[in-house]
2 protein chains.
Amino acid sequence: MSIRQDVHSSGIPVLCQSCEARHRGVCGALDADQLVGLAKTSSKHQVEAGVELVGDAETVGSYSNVLSGVVKLTKSLSDGRQQVVGLQFAPDFLGRPFKAESEINAEAATPVALCSFPKTVIERMMKESPGLEHRLLKQALNELDEARDWIVMLGRKSASEKVASFLVLIARNIDPAANASAPSASFDLPLTRSDIGDFLGLTTETVSRQLTRLRAEGVIRIENNRHVIIDDMKRLEQRCGD
Amino acid sequence: MSIRQDVHSSGIPVLCQSCEARHRGVCGALDADQLVGLAKTSSKHQVEAGVELVGDAETVGSYSNVLSGVVKLTKSLSDGRQQVVGLQFAPDFLGRPFKAESEINAEAATPVALCSFPKTVIERMMKESPGLEHRLLKQALNELDEARDWIVMLGRKSASEKVASFLVLIARNIDPAANASAPSASFDLPLTRSDIGDFLGLTTETVSRQLTRLRAEGVIRIENNRHVIIDDMKRLEQRCGD
DNA sequence: GCGAAGCCTTGATTTCAATCAAGCGAAGCA
DNA sequence: TGCTTCGCTTGATTGAAATCAAGGCTTCGC
């Protein structure tokens, strides 16, 4: 798949189409020369749901921007218990600077499009361009804030509060219309019931029961097992506990 | 309390005594001129256990290095349920750049010594000195790794695994002798049973029962309710689940 | 020393979510 | 078409940790 190298109206070349849209990714922090240099080394991938991204020959030794879809980060205990420790939506940055191996598995939860760059190129640009480190610092601090909310959820919320919180989180990240003020949302769940369980520290069965309850109480509607419609976000948010 | 401004053997002035020891804090990333400038604006505080650090007049609008003691970061749900979301040991950096208010409470868990700087000064230096942002990025990424291990613990570990994991974490951070290879450790717990419960997503009673069990099985010894002795770290680590 | 307040432990009981078990429905394949 | 597999739901039972309850240690100030 070819890479667009046309020039933005501001005079800054655009590395990939999607990087143009929102600037939480890598590209928004670089100057024109760097973007041209980076474009020569980048490659776009389309990946099916279920594919391991770490350990994959194409992604080892590289950083990526998520262009579309959802990537799920997981860790496992020695006996096989699994926990989701992060979800990356477009245009998040994927990869851990300053560390060779991370013990974290990354897997495409839905079909995913990635734009990848060699680690060496990014690391050189980080030294040259303070703006890039600044951007990565901001993303890391945001992820840390999210992780802390997650910690509160796992440590102190009931199963029904966890499921409600999960739906609100996904709605905010996936449904383009579900902005802060929007009273409703409609989206496909990017995870199976089992993955949702691994995200919330619950079993598949408990997730299923709580979704059934929310549906029975008219808080959400579910079509085809995957598509969720929330008519009244406020009502759902009241069940999040916070 | 006066601030040491003597000169390190390398020619770099030392801002505070403790910053000299390890360099995960702010000061290690600055050049000589900046350190002298920073020293003029810094102030050292000694704080008793239980004191709120955020909302405190002296720490609002400032960043701090933890010089000694343990600071506990907590978040609360609307009905009062509380969860510890971070523990800061010397020489961690305290404060959230790029964000005015954070919803997070910081409290001295033990007597704490802090070295504080006005936010404005640090933020100016961040613009001038890429090294400072680099250091903050590294700390943020480390904290993110820790947060993800914590998420696994809260989501998937049993009460007894949680308590064992907590003891190992504290031993590594507090007992200066408990390095990777050390087979034993000895330290005072920086938290009450109730705080440990808020850290692990458990109740006081459950924490107490699990500690009693570890003691009964000879894995740990406890003196005066607070002092813990671990003769065989390996044996304790085997109970962490990972 | 004495009393009070916190912190901690222990026991009895309850409860919420896990586990065990079964069946449904859609998708993929022979 | 029929078979298998996978994801999901629902029901019955169990179990781990919460809750409720009481009492014991420390530490403090008086």
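Letters go in sequence order (proteins before strands), and every chain restarts at 1. Only a predicted model underlies this, so the values are computations on that prediction, with no experimental measurement involved.
Close to C:dC7, at under 4.0 Å from its OP1 or OP2, lies no side-chain N or O of B:Arg193. For the OP1/OP2 pair of D:dA17 and a distance below 4.0 Å, the side-chain nitrogens and oxygens of B:Thr203 include no atom meeting the criterion. Residue B:Ser194 places none of its side-chain N or O atoms closer than 4.0 Å to OP1 or OP2 of C:dC8.
For the pair B:Leu191 CG and C:dC8 P, the interatomic distance rounds to 10 Å; values are reported in whole Å. Remark: C1' of C:dT9 and CZ of B:Arg213 are 16 Å apart, rounded to the nearest angstrom. Between the C1' atom of D:dA17 and the NZ atom of B:Lys157 lies a distance of 18 Å, rounded to the nearest Å. Residue B:Leu200 contributes atom CG, which lies 13 Å from atom C1' of D:dA17 at whole-angstrom precision. Atom CG in B:Asp79 sits about 15 Å away from atom C1' in D:dA18, given to the nearest Å. For the pair A:His227 NE2 and D:dC8 P, the computed distance is 16 Å after rounding to whole Å. If you measure from atom CG of A:Asn224 to atom C1' of C:dG25, you get 12 Å, rounded to the nearest angstrom. B:Arg81 has its CZ atom 13 Å from the C1' atom of C:dC16, to the nearest Å.
Side-chain to base pairing of A:Arg209 with D:dG11: one donor and one acceptor N or O lie within less than 3.5 Å of each other.
Nucleic acid contact class of A:Arg226 (heavy atoms, under 4.0 Å, all strands): sugar-phosphate only. Using a 4.0 Å heavy-atom distance criterion, B:Leu202 is classed as a sugar-phosphate-only contact. Across all strands shown, B:Ser208 has heavy atoms under 4.0 Å from base atoms, whether or not it also approaches the sugar-phosphate. Using a 4.0 Å heavy-atom cutoff across all strands shown, A:Gly197 reaches no nucleic acid atom at all. Backbone-only engagement by B:Thr192 is indicated by non-hydrogen atom pairs under 4.0 Å involving sugar-phosphate atoms exclusively.
The NE2 atom of A:His227 sits 9.5 Å away from the CG atom of A:Leu189 when rounded to the nearest 0.5 Å. Atom CG of B:Asn225 and atom OG of B:Ser208 lie 8.5 Å apart (nearest 0.5 Å).
Considering only heavy atoms from C-beta on, A:Leu94 stays 4.5 Å or farther from A:Tyr63 through its side chain. Looking at A:Leu53 and A:Val71, their side chains come closer than 4.5 Å, going by heavy atoms from C-beta outward.
Residue B:Arg215 places its side chain closer to C:dT9 than to any other of D:dA17, C:dA18, C:dT9. Listed candidates were C:dT10, C:dA17, D:dC8. Nearest to the side chain of A:Asn225 is D:dC8.
The residues A:Glu217 and A:Arg235 are annotated as not salt-bridged, no charged nitrogen and carboxylate oxygen being separated by less than 4.0 angstrom. A salt bridge does not link B:Arg96 with B:Glu103: every distance from a Lys NZ or Arg NE/NH1/NH2 to an Asp or Glu carboxylate oxygen is 4.0 Å or more.
The nucleotide D:dC30 finds its pairing partner in C:dG1, both defining distances of the Watson-Crick or G-U wobble pair being shorter than 3.5 Å.
If A:Ala159 and A:Glu205 are placed on DNA chain C by their nearest nucleotide, the residue sitting closer to the 5' end is A:Ala159.
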